[in-house]
Amino acid sequence: METPDLPAGELTPIPDSWKTGFANTVEWRITSPLGLRNTPTTAWVRLNQALVEGETTSDLAATTALADLANGLGARLDPHEWTFLNTELTIHLFAPPRSSWIGLSCETSIGQDGIAMSAAVLHTPDGPVGRVTQNILVEKRPERVQA
């Protein structure tokens, strides 16, 4: 797989519905349109804070944390309406990640029963470094009662 270009310039804003939890600790450069069926979503991501306060986050640790974004990027579902429970996550690296920026080319397939699988190629600006796969349970969030 060819490595997508890491765009220079301003960071790409993520949809407001994604601005929750871990997603708020990430800088985003989304390079393909979100939400297109049968089209992988590609994004470059980087942590904007250390995983452990006061400690330097290695490129390997950052890659491991950022790989978990693949299921949400590829799912094309609003995280305020749906939950994505990772029941398993596997990362295979064939080269050490040597960049704070990690590219993810993601696809998620969801069955009618809510069982899903996500897969992504992991890139650095120098080329692919591995893959991530996730088995996922997707469920509709319960309706929230407004006070």
Which heavy atom in A70 sits nearest to a heavy atom in A120, and how many Å separate them?
-> CB-CB, 3.7 Å

Kindly compute the distance separating OG1 (T42) from CG (L104), expressed to the nearest 0.5 Å.
-> 8.5 Å

Nearest heavy-atom contact between S100 and R46 is OG-CD, 3.3 Å

Just grab all the salt bridge (charged side-chain N to carboxylate O under 4.0 Å, His left out) pairs involving residues 79-102, residues at least two apart or on different chains.
-> E81-K140

Could you check if a side-chain atom of S118 sits within less than 4.5 angstrom of a side-chain atom of F84, using non-hydrogen atoms only?
-> no

Roughly how far, to the nearest 0.5 Å, is the OG1 atom of T90 from the CG atom of N135?
-> 7.5 Å

Just how far is it from atom CD of Q134 to atom CD1 of I91, taken to the nearest 0.5 Å?
-> 8.5 Å

Do T124 and S99 have side-chain atoms, one donor and one acceptor, less than 3.5 Å apart?
-> no

Got L93 and L60 here, is their nearest side-chain heavy-atom distance under 4.5 Å?
-> yes

Shared ILVMFWY cluster between W82 and M117, side chains joined below 4.5 angstrom?
-> no

List in chain and number order the residues that pass side-chain contact (heavy atoms from CB on, under 4.5 Å) with A65, two or more places apart in sequence or in another chain; answer none if no residue qualifies.
-> F22, L51

List, by chain and number, the other hydrophobic cluster members for F94, where Ile, Leu, Val, Met, Phe, Trp and Tyr join if side-chain heavy atoms come within less than 4.5 Å, directly or indirectly.
-> none

With rounding to the nearest 0.5 Å, note down the distance linking CG in L73 to CD in E107.
-> 12.0 Å

Residue pair V26 / N24, side-chain heavy-atom distance below 4.5 Å | no

Contacts of T83 that satisfy side chain to side chain donor-acceptor pair (under 3.5 Å) - sequence neighbours left out = none

Side chain proximity check, H123 to I102, heavy atoms < 4.5 angstrom | no

In the hydrophobic clustering (ILVMFWY, side-chain contacts below 4.5 Å, transitive), which residues join L85, or is it alone?
-> I115, L137

side-chain hydrogen bond (donor to acceptor under 3.5 Å, both in side chains) pairs, two or more places apart, involving residues 53-67 = none

Closest heavy-atom pair, P96 versus V129, reported as atoms and distance to 0.1 Å, is O-CG1, 4.2 Å

Here the gap from L69 atom CG to T41 atom OG1, rounded to the nearest 0.5 Å, amounts to 12.0 Å

Under 4.5 Å between any side-chain heavy atoms of I136 and T87, yes or no?
-> no

Tell me whether I30 is reachable from L47 by hopping between hydrophobic residues (I, L, V, M, F, W, Y) whose side-chain heavy atoms are closer than 4.5 Å.
-> yes

Nearest 0.5 Å, what's the CD-CH2 distance between E27 and W101?
-> 5.0 Å

